[in-house]
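Okay, so here's the structure we're looking at.
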Amino acid sequence: MRYNFNDIEAKWQAYWAKNETFKAENHSDKPKYYVLDMFPYPSGAGLHVGHPLGYIASDIYARYKRHQGFNVLHPQGYDSFGLPAEQYAIQTGQHPAITTEENIKTYRRQLDQIGFSFDWSREVRTSDPKYYKWTQWIFIQLFNSWYNKKEDKAEDISELIKRFEAEGNAGVSAACDDAVATFTADEWNAFSSEQQQRILLQYRLTYLAETEVNWCPALGTVLANDEIVNGVSERGGHPVIRKKMTQWSMRISAYAERLLQGLETIDWTDSLKESQRNWIGKSVGARVVFPVLPAEQGGQESLVISVFTTRPDTIFGVSFMTLAPEHELVAQITTPEQKAEVEAYIAATARRSERDRMADVKTVTGAFTGAYAEHPFTRKPIPIWIGDYVLAGYGTGAVMSVPCGDQRDYDFAKHFNIPIPNIFEGVDISKEAFVDKENTIIANSDFLNGLNYENATRKVIEALEHLGQGEGKTNYRLRDAVFSRQRYWGEPFPVYYVNGMPQMIDAQYLPITLPEVEKYLPTETGEPPLGNATVWSWDTINHKVVSNALCQSDSSGSAEDADNGVYPLELNTMPGWAGSSQYFNRYMDPHNDEEIFSQEAINYWQQVDLYIGGSEHATGHLLYSRFWQKFMFDKGLVPYDEYAKKLINQGMILGTSAFVYRINEKPDFFISGALYNDYNNPESKSEALAVIRQFTGDDLTDIQLDPIHVDVKFVNSSDEVDASGIKQWMKDYNYEHVQFIGTEEESKRGVIRVNRDVEKMSKSKYNVVNPDDICLQYGADSLRLYEMFLGPLEQYKPWNTAGITGVHSFLKKLWRLYYDDSGFRVTDSEASKANLKTLHKTIKKVQEDIENFSFNTTVSTFMIAVNEFTSQKCNSREILSPLLILVSPYAPHIAEELWEALGHQESISTEPFPIFEEKHLVESTKNYPISFNGKFRFTLELPLDMSKEAIEATVLAHQKTQEQLQGRTPKKVIVVPGKIVNIVG
RNA sequence: GCUGAAGUGGUGGAAUUGGUAGACACGUUGGACUUAAAAUCCAAUGGCCAUUAUGGCCGUGCGGGUUCAAGUCCCGCCUUCAGUACCA
């Protein structure tokens with residue numbers, strides 16, 4: 001019987017689906033284990049072989065854990081809100097829901113065909129109203145919460161209101177807007193409801209505020225910081241500008257310290273933790289207040305400049321101050337004489353885009369404001385400058401410049417001839433600043449002289465606090481996350497407006513579902529696409545979404561609306577990360593319409609034991625979801641404030657692109673990779689040029705060659721495209737007018753050689769390999785094994801279809817252990833010692849490998865085992881039965897088929913994992929490699945239970961040793977029992 | 001610049017954590033089977049030298065060091081990839 005993988009795989013996939021083999025129950029006598037994948041965005045292109053890498057790894061682990069006797073939760077779903085479906089809708093008018101549904105069907109078919117053990121009964125889709133009902137619900141919970149810094153947790157907003165009513169806000173330590181004003185209880189109680197609401201917004205964990213956002217005009221939406229790469233949008237590469245807009249924000253900054261501390265408690269990769277630490281960007285230092293000296297004329301009111309510094313110990317080295325050009329005090333303090341210069345400078349920096357500013361960090365620019373500030377200790381005047389090396393968005397947008405201790409301050413001072421006082425003992429600062437704070441001794445600094453960094457810092461902060469001119473402060477780079485998107489295909493907010501103030505829709509009326517719109521672009525008045533909906537107002541009396549016509553006001557919800565109780569709804573939608581921040585918990589109880597999940601379910605599954613996904617989400621999804629989890633923990637909804645105990649980043653599988661080259665001067669001619677290489681080799685350049693000229697019939701002397709991607713499906717394993725491939729390629733890509741030029745040898749054989757290069761796998765690079773093709777030709781089990789075999793999980797590695805024959809022939813060999821030409825060959829005969837040794841060696845290795853996530857070496861272990869069993873002619877059921885269980889996580893289809901052939905009725909998937917027995921590996925003798933000063937080497941077989949001394953004596957007495965030593969006396973003999981003998985001369 | 005990861009045959013990659021480097025696979029070469037191809041099987045395959053067999057020398061990015069023993073540990077460099085950045 002032949003190994004007919006196509007039939008076998010289809011058969012078992014149908015069996016698993018029919019019997020719900022992988023359905024997980026929310027209670028069990030078995031211990032639980034939760035294996036999670038990052039759910040995919042269902043794009044129109046479908047899966048390529050790179051996508052399932054992490055899913056295969058997690059599936060192997062999930063299947064292994066089932067064999068180990070765990071109740072395994074291994075769910076899958078779709079992150080189905082997103083830009084591409086909406087862009088497609090804008091172009092074609094097709095509703096994103098339809099596109100998404102189609103794409104999901106393709107994904108599901110492709111995933112099923114690989115044989116994953118997902119519990120599909122728990123599937124979630126972020127775009128499903130039943131799911132996003134709970135995304136909206138969490139939003140409401142965030143709105144109704146504030147962050148109590150004293151308790152270090154989120155609390156209900158009603159607690160805050162009570163405290164305002166009783167004592168005002170002076171004693172409240174909260175994470176809130178910096179600009180919040182102090183008020184007493186009496187003042188609070190006297191405020192209008194609208195004023196109160198406005199103040200509360202400054203405390204809520206999700207709030208509406210005028211913020212400077214990253215606006216992408218081409219996409220017509222704002223982007224989060226992590227959605228911008230090198231100053232352009234991650235999707236599409238469009239330019240991004242700064243713009244002020246009223247937006248929803250998430251007060252993630254309240255959780256900065258806990259997000260940082262939490263990293264210590266979880267088993268995530270160092271590089272990923274480091275990315276998050278950098279993103280949170282904690283720096284410890286001090287806030288220092290510098291009073292601005294009143295200008296001689298005008299008698300300005302006393303202004304102060306507040307700065308943040310990590311080096312308060314260098315305060316006596318301050319020789320100037322620098323403000324960001326956008327700093328709010330710049331206009332007020334600039335003297336009339338300097339006004340023109342300062343304004344010109346501000347205008348010049350405003351013209352420079354963010355990108356230019358980043359690219360050009362070398363040039364020192366700035367302007368003097370003419371104003372001076374007073375040093376808190378020396379009371380001497382310090383000139384105030386502006387310079388674009390100071391960023392408005394970090395710290396206070398102002399720095400105290402210490403040129404001797406900071407290279408940027410140093411460069412600035414040199415450029416503008418500002419004095420550089422040296423406050424470090426025994427340090428030369430004539431060439432550059434001295435930035436090493438570990439080896440600092442402060443000098444020329446009054447009461448700080450002779451102190452090191454730590455002591456000086458402590459003393460300065462005490463002194464500043466005593467003066468009331470500063471205090472110790474910790475600063476975080478992490479900004480609050482903008483939560484509004486001017487998009488259609490996202491979660492609608494459960495928000496309506498009364499007199500411009502946002503109101504939450506009561507949770508019992510959720511979900512607020514997306515309205516139908518005529519077109520998916522912004523409205524003519526510039527409002528988000530939801531502004532196109534005719535039905536999109538909230539009726540507070542009947543509690544439902546109703547026609548816009550019933551609502552008088554277009555945006556604010558004016559007084560007239562109050563008469564009929566109909567108010568406008570929020571027109572923005574939530575960003576992509578909203579839905580993905582809670583899906584891992586929702587899988588535990590995905591069909592619950594009463595609660596986000598039952599306490600029973602969350603207490604059973606608790607948290608994710610293993611999470612596998614790409615590292616590209618390091619500062620996006622993986623940070624936001626931790627924030628939501630901590631919030632849910634504060635609300636008592638989840639038992640852990642970290643949701644994923646262990647996380648592994650799988651690497652990417654890259655494509656191997658193929659290139660030929662277009663002659664820039666003669667775009668109708670393409671040359672082969674071989675000819676290109678000849679042309680670029682000085683020795684063969686003229687020859688290559690002669691060949692090219694024969695075709696172009698021209699006197700080309702120097703040509704420019706542009707690489708053109710050839711679709712890899714036309715290229716054979718020798719990197720060649722044959723005549724029929726060329727023809728097909730030209731037809732498919734409208735290159736019929738093109739003429740190919742190859743080397744003489746290529747022309748003779750009618751082929752074109754391509755050059756290869758490794759790139760990210762992508763449709764536009766024509767290097768995509770489709771798993772459908774692989775499954776058809778080699779089977780899903782081959783695909784699974786090969787993806788693992790390619791290399792360590794975390795590593796980036798190129799795909800090379802040619803290599804798959806290795807694992808495929810392994811499967812065929814495995815099959816032949818059970819079936820040969822004469823039929824089923826497994827018998828009840830007794831296993832030999834050699835059989836048992838191979839089996840137990842394999843059990844041990846496989847178990848160790850899987851537990852270390854070293855999936856690539858397991859495949860080798862399988863191959864070795866099968867080769868050994870084949871040469872042992874092993875046909876014992878006692879061996880071949882457990883072997884299948886070992887293989888089944890990797891190649892589940894063939895394992896099920898052979899398991900059935902062995903006479904089992906049930907699926908192999910929950911069979912107990914074979915138990916390793918040391919006794920089968922124990923040997924009585926061992927080969928000791930013997931060497932003398934690394935010179936001669938031979939092996940000697942000795943009993944294992946020999947003592948060190950006995951081994952030494954035996955070795956020295958051995959004839960071969962005596963011959964080799966040639967009468968010399970060894971100095972020392974090193975014996976490592978069971979391993980090695982070294983004779984040292 | 002900083003942070004993280006990594007450098008091993010023609011290629012992907014192993015190496016029980018200091019103990020015979022190159023497992024396993026691809027590729028290549030030779031052979032068997034076949035009318036032929038495919039498939040399958042067998043053999044060789046780090047480099048150099050020797051060959052009548054047993055062999056010998058050099059080899060894990062580079063330069064040092066520790067050790068009986070280093071791909072692995074220590075010091076100093078180089079290179080590549082990824083993330084991040086006028087962050088005060």
Side-chain angles (χ1 to χ4, degrees), chain A residues 2 229 269-279 281-283 285 288 307-312 314 321-322 324 357-358 360-364 387-391 393-402 405-409 411-412 435 475-477 615-616 618-619 649 651-652 717-718 785-786 789-792 794-810 812-813 816 844-845 848 854 856-865 867 870 927-939 970-976 978-985:
Chain A
R2 278 196 52 223
V229 180
T269 60
D270 288 339
S271 68
L272 196 135
K273 287 188 188 180
E274 201 55 37
S275 292
Q276 294 212 345
R277 280 191 201 107
N278 286 339
W279 197 259
K282 179 180 184 176
S283 27
V288 186
V307 303
F308 173 73
T309 177
T310 54
R311 295 297 302 275
T314 63
M321 302 193 63
T322 317
R357 260 168 92 163
M358 279 203 297
D360 177 27
V361 298
K362 295 267 159 13
T363 321
V364 178
D388 69 359
Y389 80 95
V390 177
L391 304 176
Y394 182 77
T396 60
V399 300
M400 58 176 226
S401 301
V402 184
D406 182 286
Q407 194 57 44
R408 289 153 307 167
D409 295 344
D411 295 340
F412 195 88
V435 293
N475 208 37
Y476 297 91
R477 196 183 81 103
S615 56
E616 65 273 18
T619 52
N649 293 124
M652 204 180 281
S717 57
S718 325
L785 281 165
Y786 190 50
F789 184 70
L790 274 176
E794 303 87 347
Q795 206 161 293
Y796 280 61
K797 55 231 162 195
W799 176 267
N800 169 23
T801 303
I804 200 170
T805 54
V807 293
H808 188 63
S809 67
F810 153 73
K812 285 195 271 193
K813 283 182 202 164
R816 275 201 303 276
K844 187 178 183 211
K845 190 73 177 17
E848 280 171 3
S854 177
N856 56 327
T857 50
T858 324
V859 181
S860 299
T861 307
F862 290 148
M863 290 176 177
I864 294 165
N867 285 340
T870 304
N927 282 320
Y928 283 78
I930 293 164
S931 67
F932 170 68
N933 278 4
K935 280 284 182 188
F936 65 79
R937 275 194 297 213
F938 62 94
T939 56
K971 270 188 198 154
K972 204 167 150 192
V973 179
I974 290 133
V975 178
V976 182
K979 282 187 174 169
I980 200 157
V981 179
N982 253 296
I983 303 167
V984 187

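Keep in mind that this is a model prediction, so the values were computed, not measured. Below, read A as the first sequence line, B as the second, and so on, with proteins coming before strands; counting in each chain starts at 1.
A:Leu790 is not listed as a side-chain neighbour of A:Gln795, based on a closest heavy-atom distance of 4.5 Å or more. Within the 4.5 Å cutoff, the side chain of A:Val307 has heavy atoms near those of the A:Met321 side chain.
Checking the phosphate oxygens (OP1, OP2) of B:rC87, a side-chain nitrogen or oxygen of A:Arg408 falls inside 4.0 Å. Between A:Asn867 and B:rA25 there is a side-chain polar atom (N or O) within less than 4.0 angstrom of OP1 or OP2.
Residue A:Leu785 contributes atom CG, which lies 15 Å from atom C1' of B:rC26 at whole-angstrom precision. Remark: C1' of B:rC87 and OH of A:Tyr394 are 4 Å apart, rounded to the nearest angstrom. When the P atom of B:rC2 is taken as reference, atom NZ of A:Lys282 falls 23 Å away, rounded to whole Å. Rounding to whole angstrom units, CG of residue A:Leu272 and C1' of B:rU3 are separated by 13 Å. Separating the CD atom of A:Glu274 from the P atom of B:rU84 is a distance of 13 Å, rounded to the nearest angstrom. Rounded to a whole Å, the CZ atom of A:Phe810 is 19 Å from the C1' atom of B:rA39. Regarding A:Asn475, its CG atom lies at a distance of 8 Å from the P atom of B:rA88, rounded to whole Å. The CG atom of A:Asp270 sits 18 Å away from the P atom of B:rG83 (whole-angstrom rounding).
Of the possible polar contacts, none joining the A:Asn475 side chain to the A:Ser283 backbone as a donor-acceptor pair under 3.5 Å is found. A donor-acceptor pair is defined here as one N or O able to donate and one able to accept, closer than 3.5 Å; such a pair exists between the side chain of A:Lys797 and the backbone of A:Pro792.
For the atom pair CZ of A:Arg311 and CE of A:Met400, the computed distance is 9.0 Å after rounding to the nearest 0.5 Å. Note that the CG atom of A:Leu391 and the CZ atom of A:Arg477 stand 10.5 Å from one another [nearest 0.5 Å]. The structure places OG1 of A:Thr861 at 9.5 Å from CG of A:Asn856, a figure rounded to the nearest 0.5 Å. Distance OG1/A:Thr619 to CG/A:Asn278: 10.0 Å, rounded to 0.5 Å. Separation of atoms NZ (A:Lys813) and NE2 (A:His808) is listed at 12.0 Å; rounding is to 0.5 Å.
Distance check on atom P: B:rU20 versus B:rU34 gives 45 Å, rounded to whole Å. Here, B:rA21 and B:rG13 have their P atoms 23 Å apart, quoted to the whole Å. B:rG71 sits 26 Å from B:rG4 when the P atoms are compared, rounded to a whole Å. Across the C1' atoms, B:rC68 and B:rC77 are found 29 Å apart, a figure rounded to whole Å. Look at the P atom in both B:rA23 and B:rA43: the space between them is 15 Å, to the nearest Å. Going from the P atom of B:rU52 to that of B:rA25 covers 33 Å, rounded to whole Å. Nucleotides B:rU8 and B:rA15 have their C1' atoms positioned 10 Å apart, rounded to a whole Å. Going from the P atom of B:rG59 to that of B:rG22 covers 16 Å, rounded to whole Å.
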Atom pairs, N/O to N/O, protein against nucleotides 40-44 of chain B, distance under 3.5 Å?
unit_1: B:rU40; atom_1: OP1; unit_2: A:Lys812; atom_2: NZ; d: 3.2
unit_1: B:rC41; atom_1: OP1; unit_2: A:Arg816; atom_2: NH2; d: 3.4

Protein-nucleic acid N or O pairs under 3.5 Å, nucleotides 11-15 of chain B:
unit_1: B:rG12; atom_1: O2'; unit_2: A:Leu790; atom_2: O; d: 2.6
unit_1: B:rG13; atom_1: OP1; unit_2: A:Gln795; atom_2: NE2; d: 2.5
unit_1: B:rG13; atom_1: O3'; unit_2: A:Asn856; atom_2: ND2; d: 3.3
unit_1: B:rA14; atom_1: OP1; unit_2: A:Asn856; atom_2: ND2; d: 2.9

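Taking both residues in full, the closest heavy atoms of A:Tyr389 and A:Val399 are given as OH-CG2, 4.3 Å, listed atom of the first, atom of the second, then distance. A:Ser615 and A:Tyr796 get closest at one heavy-atom pair: OG-OH, 4.3 Å.
Classification of B:rG64 as anti follows from a glycosidic angle more than 90° from 0. Glycosidic conformation of B:rU17: syn, with the torsion inside 90° of 0.
Relative ring orientation between A:Phe862 and A:Phe810 is described as parallel, the plane-to-plane angle staying below 30° on a 0-90° scale split at 30° and 60°.
Taking for each of A:Ile864 and A:Arg477 the nucleotide of RNA chain B with the nearest heavy atom, the 5'-most of the two is the partner of A:Ile864.
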Worksheet item: Under a 3.5 Å cutoff on both atom distances, Watson-Crick or G-U, what's the dot-bracket for RNA chain B ([ ] crossing, | other strand)?
Response: (((((((..(((......[....)))((((((.......))))))((((.....))))..(((((..]....))))))))))))....
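Using a 4.0 Å cut-off between charged nitrogen and carboxylate oxygen, A:Arg277 and A:Glu274 count as a salt-bridge pair.
Listed candidates were B:rU84, B:rA25, B:rG83. Nearest to the side chain of A:Met863 is B:rA25.
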